[in-house]
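I have placed the structure first, in the form of structure tokens, so that the comments after it can refer back to it.
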There are 4 protein chains.
Amino acid sequence: MGSPSSASDLPEPAVRRRTGGRAARVRGQVLAAVGELLVEDGCDSLTVDAVAGRAGVHRTTVYRRWRDVGGLLADLLDSAADDSWSPPDTGSLEEDLVALNQEVFDALADGPTLTTVLITASFRFDDAARALSRFWDDRHARSAPVVLRAVARGEAPAATDPRAVLVTATAPLYHELLLLRTAPDPALPRRAARAAAAAARAGALTAHAPAPAPTDADADADG
Amino acid sequence: MGSPSSASDLPEPAVRRRTGGRAARVRGQVLAAVGELLVEDGCDSLTVDAVAGRAGVHRTTVYRRWRDVGGLLADLLDSAADDSWSPPDTGSLEEDLVALNQEVFDALADGPTLTTVLITASFRFDDAARALSRFWDDRHARSAPVVLRAVARGEAPAATDPRAVLVTATAPLYHELLLLRTAPDPALPRRAARAAAAAARAGALTAHAPAPAPTDADADADG
Amino acid sequence: MGSPSSASDLPEPAVRRRTGGRAARVRGQVLAAVGELLVEDGCDSLTVDAVAGRAGVHRTTVYRRWRDVGGLLADLLDSAADDSWSPPDTGSLEEDLVALNQEVFDALADGPTLTTVLITASFRFDDAARALSRFWDDRHARSAPVVLRAVARGEAPAATDPRAVLVTATAPLYHELLLLRTAPDPALPRRAARAAAAAARAGALTAHAPAPAPTDADADADG
Amino acid sequence: MGSPSSASDLPEPAVRRRTGGRAARVRGQVLAAVGELLVEDGCDSLTVDAVAGRAGVHRTTVYRRWRDVGGLLADLLDSAADDSWSPPDTGSLEEDLVALNQEVFDALADGPTLTTVLITASFRFDDAARALSRFWDDRHARSAPVVLRAVARGEAPAATDPRAVLVTATAPLYHELLLLRTAPDPALPRRAARAAAAAARAGALTAHAPAPAPTDADADADG
DNA sequence: CTTTAAGCGAGACGGTACGTCCGGTCTTATT
DNA sequence: AATAAGACCGGACGTACCGTCTCGCTTAAAG
């Protein structure tokens with residue numbers, strides 16, 4: 001599924017008031033400073049003062065355009081929406097999920113990544129939380145073809161819910177690495193992908209179908 | 001899996017210097033104030049000043065015994081470790097997992113629970129993060145029998161990793177409700193439990209076994 | 001002696017740049033806004049931003065023409081120089097002074113008048129201080145006939161200094177109402193006028209004459 | 001009448017919370033810094049930041065104890081109330097008034113004195129204005145004997161109002177030097193004192209007595 | 001039952017960051 | 001090419017909390 005940190009193009013101002021020269025340059029400097037500070041010291045050191053200082057810009061300028069740190073993070077997240085991202089297509093559901101999981105794993109595993117810091121920050125700032133939700137919704141929507149192709153190949157029942165499959169596959173990674181804070185297990189991406197694929201095959205991830213008779217139906221779906 | 005908020009016994013100080021009288025009373029007042037403030041206003045308003053004021057205790061007293069807010073949270077979490085908790089035993093893996101998931105769901109679903117706030121806080125304070133990890137490790141250890149019984153009943157291969165099953169079952173709940181922040185779906189606990197049970201049945205959650213040939217092996221494991 | 005607030009014609013710019021059209025209209029709007037803001041909130045709220053906003057003019061326009069708040073006040077004071085003012089002529093020195101004092105009293109007595117605010121402001125802005133001095137010099141010059149007529153009538157020695165008489169008469173009002181901030185006493189204008197008239201009659205306000213033999217002359221006056 | 005700047009002992013805290021050690025030392029440093037800054041740069045440069053910096057004390061300490069610049073000035077004024085001050089006693093009303101006036105003149109005449117700055121500041125800060133009024137009330141009360149002795153000596157009518165005499169004597173100095181901003185005239189203290197003494201002798205400064213028949217009575221008094 | 005020292009209340013302090021206001025300059029877009 | 005809109009820099013404001021310190025005083029535990 002990737003992470004919000006994979007792009008850094010900062011394409012265009014949200015409100016195109018002044019496209020040229022200083023205004024755009026200032027925005028770029030500030031967002032760059034936000035990113036740098038985040039990876040260096042984490043969320044705690046991300047103060048408006050520090051951002052302004054790093055960006056070589058006055059405090060009031062930051063307040064004028066972003067209101068607070070949450071606004072900065074939201075803008076960074078939105079600007080980091082990498083429009084060119086597309087899901088893998090290996091020809092098998094499980095391998096596709098493994099590839100997606102590996103992307104997530106890489107973004108979370110080694111120490112305090114920009115990704116982990118952004119997620120952490122989303123717990124403190126509503127703006128950032130909303131921006132992060134937007135990012136994930138986008139990634140889920142783009143990744144749906146992975147599941148739809150699997151259904152087309154007969155790897156899963158027709159009613160399989162793409163989003164449920166994706167969440168089932170990736171959730172253990174976030175849970176282990178962010179919440180439980182266990183040491184990164186290189187086998188984790190594949191195991192979680194396999195489990196999600198198996199559950200999908202078993203018809204346990206169909207959309208809104210409360211599964212008539214769980215035990216037998218599952219056995220049938222498998223067989 | 002429950003939540004860290006289910007107990008409030010506050011058993012004893014870690015260092016038993018003065019067990020009786022004022023010292024213990026002060027500790028109880030302070031931890032109670034921490035809990036109240038957390039559920040009222042969330043993690044942001046949990047300042048030492050506010051805690052001291054609410055507890056009717058002087059600021060310096062809090063600093064003297066807990067050092068900072070993280071210490072308060074860690075103490076609260078440790079004191080909230082409900083020693084009497086035990087996992088469900090319905091006779092079927094899936095139903096056991098559903099019961100566990102329902103407990104998690106209830107603790108996370110309705111608004112800013114004490115549980116969600118504690119998890120949020122764990123991102124800001126290392127002490128709290130460690131205490132929370134301890135709590136979850138304890139719950140996973142206690143819940144292992146659920147999987148072991150399932151193995152004994154033949155519902156899953158012998159090599160099935162209890163922890164992996166539990167994480168696979170509960171992770172989607174935390175992911176949806178805490179990270180993705182989607183509206184609570186009452187069907188979610190059962191769906192995630194079914195998916196985890198199906199994956200376990202399919203042998204996708206065996207410990208440290210990299211699963212030689214995914215497709216055929218799974219089919220064999222099912223049959 | 002009146003006050004600088006008695007006129008509101010805003011006749012012409014000090015430097016007659018553009019008498020007609022937009023330029024003059026803008027000047028009128030801005031000076032009017034200055035006056036309004038002064039009487040509403042006093043000197044503290046008289047910011048360039050507020051003036052520009054009230055006048056419906058851009059900030060930079062104000063900076064361009066008046067440089068700062070002091071310039072605005074100076075312009076307002078100069079424009080408020082009421083050319084038609086003339087001193088009373090009742091036929092007696094004391095009654096003339098009473099009339100002058102009454103004018104001052106009315107301008108200072110009831111709450112924060114425009115006059116009091118302008119004087120207050122003159123302590124913060126040199127431009128305004130100079131403009132206020134010009135205003136007072138003008139008033140003293142115009143009021144000199146009051147004393148000269150009294151000398152002609154024989155109410156005071158020939159060497160009597162008109163300015164000293166006027167200052168002696170009005171100073172207690174400013175002192176009481178602005179500096180000592182005592183409650184306005186309706187008897188004050190007359191009492192101060194009587195005192196000044198008495199001093200003039202006694203020859204205590206002669207110009208640059210160090211009073212030849214103070215003791216005997218005074219003793220005579222007493223006896 | 002002197003000035004509020006004539007004492008610098010800073011005798012005791014208004015609220016004697018902590019008399020010894022650091023608290024008292026801090027207060028002294030801060031008030032000293034206020035005085036120094038006032039005489040150096042006037043009222044405009046008297047910011048909390050500057051005071052704290054000069055005093056070698058942190059900003060928040062100043063805010064904690066004095067709230068704002070007005071509070072600082074008020075405390076300085078109160079602490080500068082020189083309890084040992086007493087009016088002159090030369091044996092003659094006029095000479096006493098001359099001495100008083102000379103004190104005022106010296107405090108106001110040469111450039112921006114601490115006195116002039118304090119008065120200026122009182123126009124911006126209510127606290128300082130009140131403290132200044134208290135100071136002047138005190139000085140007027142202490143100076144009353146000057147007039148009472150003159151009455152006892154027969155230099156003025158029994159009903160003479162001491163405060164009116166003092167105000168009449170000193171007001172022209174404040175008016176000329178602070179408001180009209182004329183160049184200091186060394187003859188001014190004596191001339192104003194003579195005028196006030198003459199008015200008192202003439203019975204023009206009696207308390208609350210509306211003066212029965214101004215013209216004739218005055219003529220009698222003169223003649 | 002006394003001592004004694006751990007713990008507490010109280011107040012002040014240095015310090016960081018906040019978010020706001022205003023003054024004054026400078027840049028951009030318009031007309 | 002001039003001007004109006006607006007973004008910027010810089011300084012100060014007043015506040016909230018942090019974490020620390022130094023005093024006395026209480027009081028629980030040990031001798």
Side-chain angles (χ1 to χ4, degrees), chain A residues 17-27 29-30 44-53 55-69 71, chain B residues 13 15-27 30 44-53 55-69, chain C residues 22 26 44-53 57-64 67-70, chain D residues 15 17-18 20-27 30 44-53 56-69 71:
Chain A
R17 295 190 168 185
R18 297 197 167 196
T19 52
R22 187 174 56 176
R25 193 186 67 240
V26 163
R27 179 169 178 265
Q29 288 170 347
V30 169
D44 288 329
S45 79
L46 191 73
T47 71
V48 173
D49 283 335
V51 168
V57 150
H58 200 266
R59 270 162 36 75
T60 49
T61 297
V62 177
Y63 281 112
R64 186 177 324 107
R65 308 228 328 215
W66 287 277
R67 181 153 200 84
D68 61 2
V69 174
Chain B
V15 181
R16 188 182 309 191
R17 296 189 168 187
R18 294 191 170 203
T19 51
R22 185 175 59 177
R25 194 185 67 240
V26 163
R27 179 167 179 265
V30 169
D44 289 328
S45 79
L46 191 73
T47 71
V48 172
D49 282 336
V51 169
V57 151
H58 200 264
R59 272 163 32 79
T60 48
T61 298
V62 177
Y63 279 112
R64 194 161 19 237
R65 306 226 337 208
W66 286 276
R67 180 152 199 85
D68 61 3
V69 174
Chain C
R22 187 175 58 179
V26 163
D44 289 328
S45 79
L46 191 72
T47 71
V48 173
D49 283 335
V51 169
V57 153
H58 198 265
R59 275 161 33 79
T60 47
T61 300
V62 178
Y63 279 113
R64 200 169 7 250
R67 180 151 198 84
D68 62 1
V69 174
Chain D
V15 181
R17 296 189 168 186
R18 297 197 167 195
R22 188 173 55 174
R25 194 186 66 240
V26 164
R27 179 168 179 265
V30 169
D44 288 328
S45 79
L46 192 73
T47 71
V48 173
D49 282 335
V51 169
V57 150
H58 201 268
R59 265 163 37 77
T60 50
T61 296
V62 177
Y63 281 112
R64 191 170 15 249
R65 307 234 321 220
W66 288 277
R67 182 156 198 83
D68 61 2
V69 174

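These figures come from a predicted structure and were not determined experimentally. Letters go in sequence order (proteins before strands), and every chain restarts at 1.
The side chain of B:Arg65 places no N or O atom within less than 4.0 Å of a non-bridging phosphate oxygen (OP1 or OP2) of E:dA6. Within the structure, every side-chain polar atom (N or O) of B:Thr61 is placed at least 4.0 Å from both OP1 and OP2 of E:dC8.
Between D:Arg25 atom CZ and E:dG11 atom C1' the separation is 15 Å, expressed in whole Å. Spacing between atom CZ of B:Arg27 and atom P of F:dA28 amounts to 17 Å, rounded to whole angstrom units. In this structure, the CG atom of A:Asp44 is 13 Å from the C1' atom of F:dC18, given to the nearest Å. Between the OH atom of D:Tyr63 and the C1' atom of E:dG14 there is a distance of 16 Å, given to the nearest Å. Atom NE2 of C:His58 and atom C1' of E:dC26 are 13 Å apart (whole Å).
Put simply, the side chain of A:Arg64 reaches to within 4.5 Å of the side chain of A:Thr61, judged on heavy atoms.
For A:Val48, counting side-chain heavy atoms from C-beta on, the closest listed nucleotide (F:dC13, E:dG19, E:dT16) is E:dG19.
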Which atom pairs, donor and acceptor, lie under 3.5 Å between side-chain atoms of residues 45-52 of chain A and protein residues at least two apart or in another chain?
| from | atom 1 | to | atom 2 | distance (Å) |
| --- | --- | --- | --- | --- |
| A:Thr47 | OG1 | A:Ala50 | N | 2.9 |
| A:Asp49 | OD1 | A:Arg59 | NE | 3.4 |
| A:Asp49 | OD1 | A:Arg59 | NH1 | 2.8 |

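Note on B:Arg59: a base of the nucleic acid sits closer than 4.0 angstrom, heavy atoms only. Within the nucleic acid shown, C:Thr60 comes within 4.0 Å of at least one base atom, counting heavy atoms only. Using a 4.0 Å heavy-atom criterion, one finds that B:Arg67 contacts the sugar-phosphate atoms exclusively.
Nearer to the 5' terminus of DNA chain E, by closest-nucleotide assignment, is the contact made by B:Gly56 (compared with the other of B:Gly56 and A:Arg64). Map D:Ala50 and C:Val57 each onto its nearest nucleotide of DNA chain F; the residue landing nearer the 5' end is C:Val57. Where C:Asp68 and A:Asp49 each meet DNA chain E at their nearest nucleotide, the meeting point lying more 5' is that of A:Asp49.
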